[in-house]
Number of protein chains: 2
Amino acid sequence: MKQIADAAGVHRSTVSRALDPKKRHLVADDVVERIVSQAEILGYRPNRIAANLRLGRSDLVGVLLPDIANPVFAPILGGITETLSAAGYAPIVAEAGNAASEQISLVETVLSQRVDGLILATVSQDDELVGFCIRRGVPVILVNRSEARDRVSSVVSDDALGMRLAVDHLAGLGHRRIAHIAGPLSTSTGTLRREGFESAMSRHALPGIVREAAAYSRSAGAEATAHLLATSGDITGIAAANDLLALGVLDALRERGLRCPDDMSVIGHNDMPLMDVVSPPLTTVRIEHREMGRIAARMLVDAIKNGSTDIQHVVLRPELVVRSSADPPRSTS
Amino acid sequence: MKQIADAAGVHRSTVSRALDPKKRHLVADDVVERIVSQAEILGYRPNRIAANLRLGRSDLVGVLLPDIANPVFAPILGGITETLSAAGYAPIVAEAGNAASEQISLVETVLSQRVDGLILATVSQDDELVGFCIRRGVPVILVNRSEARDRVSSVVSDDALGMRLAVDHLAGLGHRRIAHIAGPLSTSTGTLRREGFESAMSRHALPGIVREAAAYSRSAGAEATAHLLATSGDITGIAAANDLLALGVLDALRERGLRCPDDMSVIGHNDMPLMDVVSPPLTTVRIEHREMGRIAARMLVDAIKNGSTDIQHVVLRPELVVRSSADPPRSTS
DNA sequence: AGCGTTACTGCAATCGATTGCAAATTGTCA
DNA sequence: TGACAATTTGCAATCGATTGCAGTAACGCT
């Protein structure tokens, strides 16, 4: 920059102004042109670090995901990066383990990069992480999962509606004995979907059977299903809180020699990639994850730029995707 | 930091030294203690941006992926983030489109964040991106795909071996008419796997039938398969360059009323997540993507820290995973 | 006592931008 | 012609660390 100033015969500050679109009007046109062409010649690249030091920002946003390999989070991350980079920000991704203490130290690390904001996809219902970030004064947006207390903005799917779609579909097919494989109740999705299941069931005046899985994973889903089948034998339909759990249900059924949908109808949640190609193609509740990421990123950028502290909750509308894993119950019933 | 200096009654530079483990020995023990405790009290957080400005670095690494939603890249990214954050670096992820021009401008954006290095998972065989980065003097590591010219380090899978495993398996089952759905030949994986296919076939003294898909996608795989079936009718086995392509093959077979593996054996490549649960469970070639990401990150960190410019190519050993999509051909042959 | 070490600590420059304030130049109007 | 306004440009401080160099004090040794 100094070189440009010398080459153009002006002061560094003039160069700075000439190169900033918002300040360019302060500089005479011919000087601007001289500076710009010199910058071109010298191959000038502004040093964002220096500018950011001065401006007290970093143009960086931290994104915390529970598990990068989980196909649900890939589209979310995609939507986030897309929107963020369009707004001139760059996402720093971090993969959080399970232990809360670990998470805090992970956030410490991310924060040490001086991120301007944070998008969390990891929070549990009552997460100390949120309080931690608030105390640090870092703008935070929750995505996919929300927290019980209303301390920060979030963008999530309408979990209650999603479960209602699933239950209504099963009930509409004629199922009466319907069970729910719940996700970890420490997560908002786990709790909200379970509540959604129960209220939807009671609208049909049906009793709901619920079994909580230890985690959002295939193996946990299989295990929960095994317990379920051992306890309540006459179930004909299962609404899982999550596609991964639904796959676990399928695993458990297969192991017991039961067929889906013939012996048992199964509905998932999320419509992860490839759910149309599993066997049987999974009827599930679709959530627009990519859009979720986009909105979250947009809200965060807004919060950073305008310093707006008002919290708002965006709730996306899920949609039932009917494939082949749910059929009417066998006529024997 | 100035506050700490005042509170402890020393100069800022002393504080800096006391807080840096590598320089702490230059400061008297009691002073260190005073400074550390004051830092604690004042809740001091070092400003990495300032330090990095001075040190001319950013502790940031750019990661370019062709498509975040593609399940193959999620584990790679996972391995990268894991290793990077352990080394004190943070990954900035960017999703590259297809157009090369777009990619360059994307890299410009990433580079404007002053990243210390770059990991590219996007390159084509002869990619101007690589030259661009070299000219800019940014350390680069290629992952998953390599380039034809040997200008930078890379970590990839042994594509030739992978295809040989697939072909040997099919041939071992008794198949004689085997086709290959190749990936885009502009990518190293496309070319190398095709070459691997052909040389493996000739080892068995079999003629190889090859059809190139327009992209690594299900629809492109289905399309290529449709062409293939229309042209050469007596094929009994297909080795796809990629699981996504293999899923496309399955789609095309289904549409024609052909069953897998009864009418046609299919082998994929990559062993993406969920390939065990599709119908039929896919026999495929497993690649340790997460490990690939780890190694790439480690190599990049090494290149950044030691400024080592020597290029090296790490080649990972793939492994055949036998599931249910490949059986002996029907006895009619 | 005198001299050379060693151990600390302070000073001030530096990294590369941004920006409020002041100065210089030119233009405008009465 | 003089006063005042508008337009440009320069000056220098600032963001928050790092570090080479120099200076001081304490210590050891003969």
Side-chain angles (χ1 to χ4, degrees), chain A residues 1-36 38-40 42-60 88 90 111-116 136-137 304-305, chain B residues 1-36 38-40 42-60 88 90 111-116 136-137 304-305:
Chain A
M1 196 159 182
K2 220 179 302 178
Q3 291 181 34
I4 299 176
D6 293 347
V10 295
H11 194 262
R12 309 198 308 277
S13 59
T14 306
V15 175
S16 173
R17 281 189 273 255
L19 261 22
D20 180 351
K22 286 194 292 291
K23 299 248 167 58
R24 210 194 299 288
H25 67 278
L26 291 172
V27 181
D29 290 351
D30 59 325
V31 178
V32 168
E33 198 180 339
R34 213 163 61 227
I35 291 175
V36 169
Q38 279 300 327
E40 189 77 27
L42 294 171
Y44 169 74
R45 310 278 157 200
N47 187 329
R48 212 155 170 175
I49 296 184
N52 285 343
L53 170 59
R54 177 69 223 266
L55 268 17
R57 56 178 201 199
S58 66
D59 295 338
L60 259 26
L111 251 38
S112 81
Q113 296 276 1
R114 297 267 150 171
V115 293
D116 292 338
R136 275 286 239 289
I304 293 172
K305 285 198 172 156
Chain B
M1 195 160 181
K2 220 178 302 178
Q3 291 182 35
I4 299 177
D6 293 347
V10 294
H11 193 262
R12 308 198 309 276
S13 59
T14 306
V15 175
S16 173
R17 281 189 272 255
L19 261 22
D20 179 352
K22 286 194 293 291
K23 299 248 166 58
R24 210 194 299 288
H25 66 278
L26 292 171
V27 181
D29 289 352
D30 59 324
V31 178
V32 169
E33 199 180 339
R34 212 163 61 226
I35 291 175
V36 169
Q38 280 299 329
E40 189 77 29
L42 296 171
Y44 169 73
R45 310 278 158 201
N47 186 328
R48 213 155 171 173
I49 296 184
N52 285 343
L53 170 60
R54 176 70 224 263
L55 267 17
R57 57 177 200 200
S58 66
D59 294 338
L60 258 26
L111 251 38
S112 81
Q113 296 275 2
R114 298 266 150 173
V115 293
D116 292 338
R136 274 285 239 290
I304 293 172
K305 285 198 171 154

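Just so it is clear, the values below take in all heavy atoms, side chains as well, and ignore hydrogens, waters and symmetry mates. So that the names make sense, note that chain A is the first sequence line, chain B the second, and so on, each numbered from 1.
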Interatomic distance, B:M1 CE vs C:dG10 P [rounded to whole Å]: 12 Å
Distance-minimising heavy-atom pair for A:S58 and B:Q113: O-OE1, 3.9 Å
Rounded distance in Å - CD (B:Q3) to P (D:dG16): 10 Å
Spacing of CZ belonging to A:R57 relative to CD1 belonging to A:I304, to within rounding of 0.5 Å: 10.5 Å
CG on A:L60 to CG on B:L60, rounded to 0.5 Å: 5.0 Å
Between D:dT19 (P) and B:D20 (CG): distance, integer Å: 7 Å
Distance, rounded to the nearest Å, where A:R12 contributes CZ and C:dG16 contributes C1': 8 Å
Between P of C:dC15 and CG of B:D59, the distance in whole Å: 19 Å
Touch class at under 4.0 angstrom, heavy-atom based, for A:L55 against every strand present: sugar-phosphate
Heavy-atom closest contact (B:D59 atom, B:G88 atom, distance): CB-O, 3.9 Å
Partners meeting side-chain contact (heavy atoms from CB on, under 4.5 Å) with A:A28 (sequence neighbours left out): A:D30, A:V31
Atom pair distance, as rounded to whole Å: CG in B:L53 and C1' in D:dG16: 9 Å
Less than 3.5 Å apart, which donor and acceptor atoms pair up between the side chains of residues 9-17 of chain B and the rest of the protein, not counting sequence neighbours?
{"from": "B:H11", "atom 1": "ND1", "to": "B:S13", "atom 2": "N", "distance (Å)": "3.1"}
{"from": "B:H11", "atom 1": "ND1", "to": "B:S13", "atom 2": "OG", "distance (Å)": "3.0"}
{"from": "B:S13", "atom 1": "OG", "to": "B:R17", "atom 2": "NH2", "distance (Å)": "3.4"}

Could you go over nucleotides 7-9 of chain C and give all protein N or O partners under 3.5 Å, atom names and distances?
{"from": "C:dT9", "atom 1": "OP2", "to": "B:A28", "atom 2": "N", "distance (Å)": "2.9"}

Between D:dA17 (P) and A:N52 (CG): distance, integer Å: 15 Å
A:K23 side-chain N/O to C:dT19 phosphate OP1/OP2 under 4.0 Å: yes
Rounded distance (Å) that lies between atom P of D:dA17 and atom CD1 of B:I4: 8 Å
